[in-house]
*Asks:* 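Got a structure for you, questions after.
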Amino acid sequence: MENSSTIEPLPDDDDHASQNTMTAATSDYDPSIATSSFCSVSSSVNGHVWEYGRRYQIFRYGRYPMPNDEEEFKRESLRHAMFKEVLYGELFLAPIGPNTQKIVDLGTGFGDWAIEVGDAMPSAKITGIDLSPIQPVWLPPNVEFVVDDIEDEWTDASDFDYVHSRVVFSCLRDPHKVINTAFRNLKPGGWIEFCEFLPVIGCDDGSVGPDNPLMKFYDIMRQVFLQQYGMDVCYIEKVPSQLEQTGFVNIQRKIFHLPLGDWPRDRHLRTVGVYMRMIIDDMLGAMAAKPFTEAGMDKAEVNELLHGVRAVLQNKRMHAYLPAHIVWAQKPALA
């Protein structure tokens with residue numbers, strides 16, 4: 001299944017510099033969340049550092065490139081609301097049935113998706129896994145959060161009916177390993193689903209050229225994540241073939257063109273575009289704070305680039321979109 005929508009623009013009309021502060025690594029998370037039998041977890045998961053005015057997780061490979069503070073919570077909440085708008089209120093596309101009993105959300109973040117699925121499926125047990133214990137304490141009775149690294153071996157996790165991840169696999173060092181591990185821990189007939197942005201700007205009418213600040217921003221971002229952190233942010237393009245190699249069947253993919261800004265004629269797409277504009281605007285500060293700075297970019301150069309990106313996002317004559325891929329597949333059922 002493929003979907004690549006055409007977005008019609010509206011008619012033309014007129015239309016954070018973070019301080020570099022760093023403290024010693026600390027741990028002030030709620031200790032009740034920071035335990036796990038999912039993998040073999042180190043106590044270092046509770047460590048974090050304040051740097052460039054933001055809070056970052058310290059674990060395994062050093063500091064995670066994106067923050068886990070209140071500003072990031074706002075961005076993740078907007079992203080969750082945006083994907084619900086894209087899917088007209090649905091939380092997933094995999095055809096999991098009403099008898100689904102065991103669900104795991106990999107890289108659950110602040111836990112919005114897991115909590116809503118728990119409310120919608122009260123007979124299922126939902127486990128959210130993340131490096132940071134940043135999830136709420138008050139939860140539906142069928143939802144739990146544990147702190148762990150999904151790139152480790154899953155030591156006490158098996159027989160899942162459904163494995164879900166959203167905007168996670170692009171920030172892993174070894175996503176293929178996680179796919180293999182998920183396959184082993186799925187029940188026969190179980191489903192896996194990935195939802196990821198493909199960070200390559202699209203434009204169907206030539207209004208956003210190759211020298212546009214938005215194009216430059218995403219070009220730099222892809223290079224920085226790969227060179228600085230070893231993360232292939234375009235990995236979602238490889239997922240269907242990786243799933244097939246691993247042994248999954250019934251592989252499906254749906255591609256959504258998410259407008260950046262309120263330029264589409266269609267009301268639904270215009271709403272998505274407003275969400276996307278806010279999400280990217282919030283992301284700009286996080287990228288400037290750490291990844292771009294650690295890549296050696298000059299502060300004035302970064303500020304000029306971000307100013308240009310924000311101007312593009314407000315310009316209805318520039319009809320940019322960002323693809324999002326949702327891929328789902330099934331582990332073969334027993335004969």
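Since this is a predicted model, take the numbers as computed values, not measurements. We're numbering straight along the sequence, starting at 1.
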*Asks:* Heavy-atom distance under 4.5 Å between the side chains of Arg166 and His80, does that happen here?
*Replies:*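 SC-SC contact between Arg166 and His80 confirmed.
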
*Asks:* CG/Asp130 to CG/Asp149 distance, rounded to the nearest 0.5 angstrom?
*Replies:*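 Here the interatomic distance stands at 10.0 Å.
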
*Asks:* Can we say Asp262 and Arg277 salt-bridge, meaning some charged N sits less than 4.0 Å from an Asp/Glu carboxylate O?
*Replies:*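 Salt bridge present between Asp262 and Arg277.
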
*Asks:* Measuring from Glu116:CD to Phe92:CZ, what's the distance to the nearest 0.5 Å?
*Replies:*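 The distance works out to 11.5 Å.
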
*Asks:* From Trp191 CH2 over to Ile96 CD1, what is the distance, rounded to the nearest 0.5 angstrom?
*Replies:*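 Reported to 0.5 Å precision, the distance equals 10.5 Å.
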
*Asks:* Is any side-chain heavy atom of Ile201 less than 4.5 Å from a side-chain heavy atom of Leu322?
*Replies:*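 When only atoms from C-beta onward are counted, Leu322 and Ile201 do touch, with a gap below 4.5 Å.
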
*Asks:* Check whether any side-chain heavy atom of Arg184 lies under 4.5 Å from a side-chain heavy atom of Glu153, and answer yes or no.
*Replies:*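 In contact.
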
*Asks:* So how far is it from Ser165 OG to Trp113 CH2, rounded to the nearest 0.5 Å?
*Replies:*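 Going from the OG atom of Ser165 to the CH2 atom of Trp113 covers 9.5 Å.
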
*Asks:* For the side-chain hydrogen bond (donor to acceptor under 3.5 Å, both in side chains) test, which of Lys238, Gln242, Gln245 pairs with His176?
*Replies:*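 Exactly one option meets the side-chain hydrogen bond (donor to acceptor under 3.5 Å, both in side chains) with His176, and it is Gln242.
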
*Asks:* Just checking Phe197 against Phe83, ring centres under 6.0 Å apart?
*Replies:*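 Yes - the distance between ring centres of Phe197 and Phe83 falls below the 6.0 Å cut-off.
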
*Asks:* In this structure, would Tyr235 and Val200 fall into the same cluster of hydrophobic residues linked by side-chain contacts under 4.5 Å?
*Replies:*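 As far as the 4.5 Å side-chain criterion goes, Val200 and Tyr235 are connected within one cluster.
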
*Asks:* How close do Leu269 and His257 get, heavy atom to heavy atom, and via which atoms?
*Replies:*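 In terms of heavy atoms, the two residues are closest at CD2-O, 4.5 Å.
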
*Asks:* Over 60° means perpendicular and under 30° means parallel, so tell me whether His319 and Trp263 are parallel, tilted or perpendicular.
*Replies:*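 Rings of His319 and Trp263: tilted, 30 to 60°.
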
*Asks:* Please check this pair: side chain of Glu193 against backbone of Leu93, looking for a donor-acceptor N/O pair closer than 3.5 Å.
*Replies:*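 Yes, the answer is positive, given that a donor and an acceptor are paired below the 3.5 Å cut-off.
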
*Asks:* Apply the salt bridge (charged side-chain N to carboxylate O under 4.0 Å, His left out) test between Asp161 and each candidate in Lys125, Lys331, Lys187; give the one that qualifies.
*Replies:*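 With Asp161 as partner, salt bridge (charged side-chain N to carboxylate O under 4.0 Å, His left out) holds for just one option, Lys187.
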
*Asks:* Is any side-chain heavy atom of Phe194 closer than 4.5 Å to a side-chain heavy atom of Ile236?
*Replies:*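 A side-chain contact exists here, since the closest heavy-atom pair is under 4.5 Å.
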
*Asks:* Just wondering, do Thr271 and Val274 contact through their side chains at under 4.5 Å, heavy atoms?
*Replies:*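 A side-chain contact is absent here, since even the closest heavy-atom pair is not under 4.5 Å.
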
*Asks:* Rounded to the nearest 0.5 Å, what separation is found between the CG atom of Asp232 and the CG atom of Asp174?
*Replies:*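 Between atom CG of Asp232 and atom CG of Asp174 there are 11.5 Å.
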
*Asks:* So for atom CD, which belongs to Gln101, do other residues, nucleotides or ligands contribute more than 12 heavy atoms lying within a distance under 6.0 Å?
*Replies:*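 Result for CD/Gln101: enclosed.
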
*Asks:* Take the angle between the ring planes of Phe183 and Phe248 and call it parallel below 30°, perpendicular above 60°, tilted in between.
*Replies:*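 Judged by the thresholds at 30° and 60°, the geometry between Phe183 and Phe248 is perpendicular.
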
*Asks:* On a heavy-atom basis, which atom in Asp119 and which in Pro140 lie closest, and how many Å separate them?
*Replies:*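 Closest pair (atom of Asp119, atom of Pro140, distance): OD1-CG, 3.3 Å.
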
*Asks:* Does the side chain of Val224 reach to within under 4.5 Å of the side chain of Tyr229, using non-hydrogen atoms?
*Replies:*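 Yes; the side chains approach each other to less than 4.5 Å.
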
*Asks:* Can Thr246 and Asn180 be counted as having a side-chain donor-acceptor contact under 3.5 angstrom?
*Replies:*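 On atom types as modelled, these side chains qualify, holding a pair under 3.5 Å.
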
*Asks:* Say you draw a straight line from NE2 of His307 to CZ of Arg310; how long is it, rounded to the nearest 0.5 Å?
*Replies:*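 It comes to 9.5 Å.
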
*Asks:* Verify, without hydrogens or angle tests, whether Arg222 (side chain) and Pro199 (backbone) share a donor-acceptor contact under 3.5 angstrom.
*Replies:*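 Yes: the side chain of Arg222 pairs with the backbone of Pro199.
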
*Asks:* Please name the pair of heavy atoms, one in Val143 and one in Gly118, separated by the smallest distance, quoted to 0.1 Å.
*Replies:*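 Residues Val143 and Gly118, closest heavy atoms: CG2-CA, 3.7 Å.
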
*Asks:* So, for Ile103 and Phe160, which heavy atoms are closest and what is the spacing to 0.1 Å?
*Replies:*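 Distance-wise, the nearest heavy atoms are C-CD2, 4.2 Å.
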
*Asks:* For the backbone of Gly189 and the side chain of Gln330, can you confirm whether one donor and one acceptor N or O come within less than 3.5 Å of each other?
*Replies:*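 Looks like yes, one N/O pair under 3.5 Å.
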
*Asks:* For Val178, does its backbone N or O pair with a side-chain atom of Glu151 as donor and acceptor, under 3.5 Å?
*Replies:*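 No: the side chain of Glu151 does not pair with the backbone of Val178.
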
*Asks:* Check whether any side-chain heavy atom of Tyr275 sits under 4.5 Å from a side-chain heavy atom of Leu258, and report yes or no.
*Replies:*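 Contact flag for Tyr275/Leu258 side chains = no.
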
*Asks:* For Leu139 and Glu144, work out which heavy atoms get closest and say how close.
*Replies:*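 So the two residues come closest at CD1-CA, 4.5 Å.
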
*Asks:* Looking only at heavy atoms, what is the nearest atom pair of Arg79 and Ile279, with distance?
*Replies:*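 The pair with the smallest heavy-atom distance is CA-CD1, 3.5 Å.
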
*Asks:* So, Glu196 side chain and Phe169 main chain: donor-acceptor pair closer than 3.5 Å or not?
*Replies:*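 Yes, because the side chain of Glu196 sits within donor-acceptor range (under 3.5 Å) of the backbone of Phe169.
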
*Asks:* Is it true that, when you exclude His268 itself, more than 12 heavy atoms of the residues, nucleotides or ligands shown sit nearer than 6.0 Å to its NE2?
*Replies:*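 Counting neighbours around NE2 of His268, more than 12 heavy atoms of other residues, nucleotides or ligands fall under 6.0 Å, so yes.
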
*Asks:* Kindly indicate whether the side chain of Pro210, heavy atoms from C-beta on, has any atom under 4.5 Å from the side chain of Met215.
*Replies:*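 Contact flag for Pro210/Met215 side chains = no.
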
